[in-house]
K.L.:
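Let me begin by handing over the structure; questions about it come next.
Below, read A as the first sequence line, B as the second, and so on, with proteins coming before strands; counting in each chain starts at 1. All values below come from the heavy atoms of this structure, side chains included, with hydrogens, waters and symmetry mates left out. The shown structure was predicted, so the numbers you read here are calculated from the model rather than taken from an experiment.
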Protein chains: 2
Amino acid sequence: MEKPILSESQEDYLKEIFKLRELNLNVSMQDLANKLNVKPPSVTGMVKKLCAMNLVEHEPYKGVQLTETGEKIALEILRHHRLLELYLAKHLNYSWDEIHEEAERLEHVISEKFEAAIAELMDHPTHDPHGDPIPSADLVIPDSPELAPITLHKTGHQLTISRVMSQDKDILNLLSRLELIIGRKITIKGNESTGVRLKVNENQYLIPHSIAKLVWCHDDEKAD
Amino acid sequence: MEKPILSESQEDYLKEIFKLRELNLNVSMQDLANKLNVKPPSVTGMVKKLCAMNLVEHEPYKGVQLTETGEKIALEILRHHRLLELYLAKHLNYSWDEIHEEAERLEHVISEKFEAAIAELMDHPTHDPHGDPIPSADLVIPDSPELAPITLHKTGHQLTISRVMSQDKDILNLLSRLELIIGRKITIKGNESTGVRLKVNENQYLIPHSIAKLVWCHDDEKAD
DNA sequence: AAAAATATTTAGTTATAGCTAATAATATAT
DNA sequence: ATATATTATTAGCTATAACTAAATATTTTT
């Protein structure tokens with residue numbers, strides 16, 4: 001079965017289904033409509049089309065999921081996106097909060113050649129600047145260390161920030177002003193009703209749970 | 001007057017009108033249809049739309065031309081395209097014949113930030129790998145030395161290849177196999193009915209006029 | 001088990017940008 | 001000046017991917 005030619009819109013649907021599936025158990029039409037900024041009837045129409053192309057399967061009220069072919073395509077786009085994000089940051093001096101938008105547009109138009117060229121140039125990286133894993137050229141997602149959001153880690157342990165689950169400019173800006181960036185070592189000082197108290201480079205902050213749960217860390221004191 | 005938001009298709013129309021205007025005196029609907037690979041009625045429709053947006057002017061049977069605003073946009077796209085071509089060649093190891101296609105897709109989606117970043121990185125270049133002038137950031141086309149196609153130069157004079165008027169893969173491949181590339185010094189040995197006899201690096205070739213007229217040169221023996 | 005709330009689909013519309021077939025306008029050649 | 005050829009437009013169609021309003025199906029709550 002050769003690779004079908006898809007519109008950018010269709011690629012976005014596949015990508016979103018993949019990303020939502022990683023989080024939730026099932027992906028509703030509503031979920032998709034929200035993420036893609038379209039109305040539910042548009043989703044019905046497109047999902048129907050993708051079903052006919054054997055890229056997704058859909059059981060009403062139970063969820064949408066990708067077929068093997070659909071997943072391959074989603075991973076391809078995700079690889080483009082994440083390679084591009086890293087490339088923009090490393091080679092074109094983009095800041096953390098600028099890379100997502102640009103990659104979002106470029107991911108659909110770069111050729112295999114372009115993909116290979118930047119991957120090569122960066123020595124086949126496995127993670128992008130947000131800590132998201134970059135699917136390999138043969139579309140396998142690399143293993144990541146065992147991660148959990150700050151909110152689920154034990155008080156007192158030293159953690160390494162390894163992934164940030166947001167692409168929102170304002171949130172990313174806030175996090176980088178607080179120095180809560182990939183690779184930074186932090187310690188949880190306390191978990192209060194108003195938020196989590198952190199020690200970061202000798203400073204202490206209280207950050208709300210809504211922010212804390214976006215920051216995923218590795219526990220340096222837990223052998224695994 | 002702020003910059004209108006255009007579709008990629010509309011950008012392509014403006015770009016083609018600009019490029020054709022550089023060559024011909026007037027640009028017919030047919031010319032546009034040919035270059036853009038669409039049928040004449042599609043051109044009528046789109047030109048009408050662009051007229052309404054004050055980006056082009058059209059007198060039937062006399063030609064289409066860009067307004068000032070239209071030209072600004074065309075130059076912007078051309079700048080994207082040519083910067084990208086050079087960038088792909090210099091930083092991602094693309095060969096001469098591969099850059100055009102990729103740039104054709106990327107030119108519509110890169111941001112001002114991306115444009116500025118690669119321009120900066122390459123130290124604000126004035127010409128792309130085909131010798132085409134790159135409009136400056138404020139959209140002025142840089143001066144080029146006085147150029148003419150090989151077919152119009154004098155026999156015996158030493159010439160420097162400065163611009164190649166084709167984006168066709170096969171032609172570019174042929175030219176690079178003959179070492180007829182930007183910067184190469186050549187001498188015209190004779191002008192025959194079958195073609196032009198050239199000396200290139202100790203070798204001599206006879207190249208057909210159809211190819212010779214695509215290769216534009218500067219006459220090193222003529223002071224200007 | 002019925003009512004209410006939520007989720008999904010259907011029906012019909014819009015905009016963009018192409019297309020073909022046929023017509024009209026202009027330019028060129030006899 | 002008339003006929004022919006060329007160029008351009010009109011009318012009407014197609015596909016994609018959105019949309020709204022209304023209807024239907026399912027799940028959840030009471």
K.L.:
Within the structure, does a side-chain N or O atom of A/His58 lie under 4.0 Å from either OP1 or OP2 of C/dA7?
P.N.:
no
K.L.:
Between A/Met29 (CE) and D/dT24 (P), how many Å, whole number?
P.N.:
19 Å
K.L.:
Could you check A/Lys62 against A/Pro41 and say which one's nearest nucleotide on DNA chain D is further toward the 5' end?
P.N.:
A/Pro41
K.L.:
Report the distance from atom CG of A/Leu6 to atom P of D/dA17, rounded to the nearest whole Å.
P.N.:
9 Å
K.L.:
Quick one: B/Asn26 CG to D/dT6 P, roughly how many Å, whole number?
P.N.:
18 Å
K.L.:
Please give, in whole Å, the distance from C/dG18 P to B/Asp12 CG?
P.N.:
9 Å
K.L.:
Salt-bridge test for A/Lys113 and B/Glu102: reply yes if a basic N is under 4.0 Å from a carboxylate O, no otherwise.
P.N.:
no
K.L.:
Verify the contact: side-chain N or O of A/Ser42 to OP1 or OP2 of D/dC19, cut-off strictly under 4.0 Å; return yes or no.
P.N.:
yes
K.L.:
State whether a side-chain donor-acceptor pair under 3.5 Å links B/Asn191 with B/His209.
P.N.:
yes
K.L.:
Regarding A/Gln10, tell me which of base, sugar-phosphate or nothing describes its non-hydrogen contacts under 4.0 Å with the strands shown.
P.N.:
sugar-phosphate
K.L.:
Compare all side-chain heavy atoms of B/Glu107 with those of B/Lys15 and state whether any distance is below 4.5 angstrom.
P.N.:
yes
K.L.:
Check every strand shown and say whether A/Ser9 touches a base, only sugar-phosphate, or nothing at a heavy-atom separation below 4.0 Å.
P.N.:
sugar-phosphate
K.L.:
B/Tyr61 OH to C/dA24 P: how many Å, rounded?
P.N.:
12 Å
K.L.:
For B/Lys39 and D/dT7, what is the distance between atoms NZ and P respectively, to the nearest whole Å?
P.N.:
15 Å
K.L.:
Taking the six-membered ring for Trp, are A/His130 and A/Trp96 parallel (under 30°), tilted (30 to 60°) or perpendicular (over 60°)?
P.N.:
parallel
K.L.:
Under 4.0 Å: is that the gap between some side-chain N or O of B/Tyr13 and OP1 or OP2 of C/dT16?
P.N.:
no
K.L.:
Do A/Asp12 and A/Ser9 have side-chain N/O donor and acceptor atoms under 3.5 Å apart?
P.N.:
no
K.L.:
May I ask you to evaluate whether B/Lys48 reaches the phosphate of D/dT10, defined as a side-chain N or O under 4.0 Å from OP1 or OP2?
P.N.:
yes
K.L.:
Using atom CG of A/Leu50 as one end and atom C1' of D/dA18 as the other, report the distance to the nearest whole Å.
P.N.:
15 Å
K.L.:
When all nucleic acid strands are considered with a 4.0 Å heavy-atom cut-off, which category describes A/Thr44: base, sugar-phosphate, or nothing?
P.N.:
base
K.L.:
Taking CD1 from A/Ile5 and C1' from D/dT16, how many angstroms apart are they, rounded to a whole number?
P.N.:
15 Å
K.L.:
When you match A/Pro60 and A/Lys49 each to their closest nucleotide on DNA chain D, which lands nearer the 5' end?
P.N.:
A/Lys49
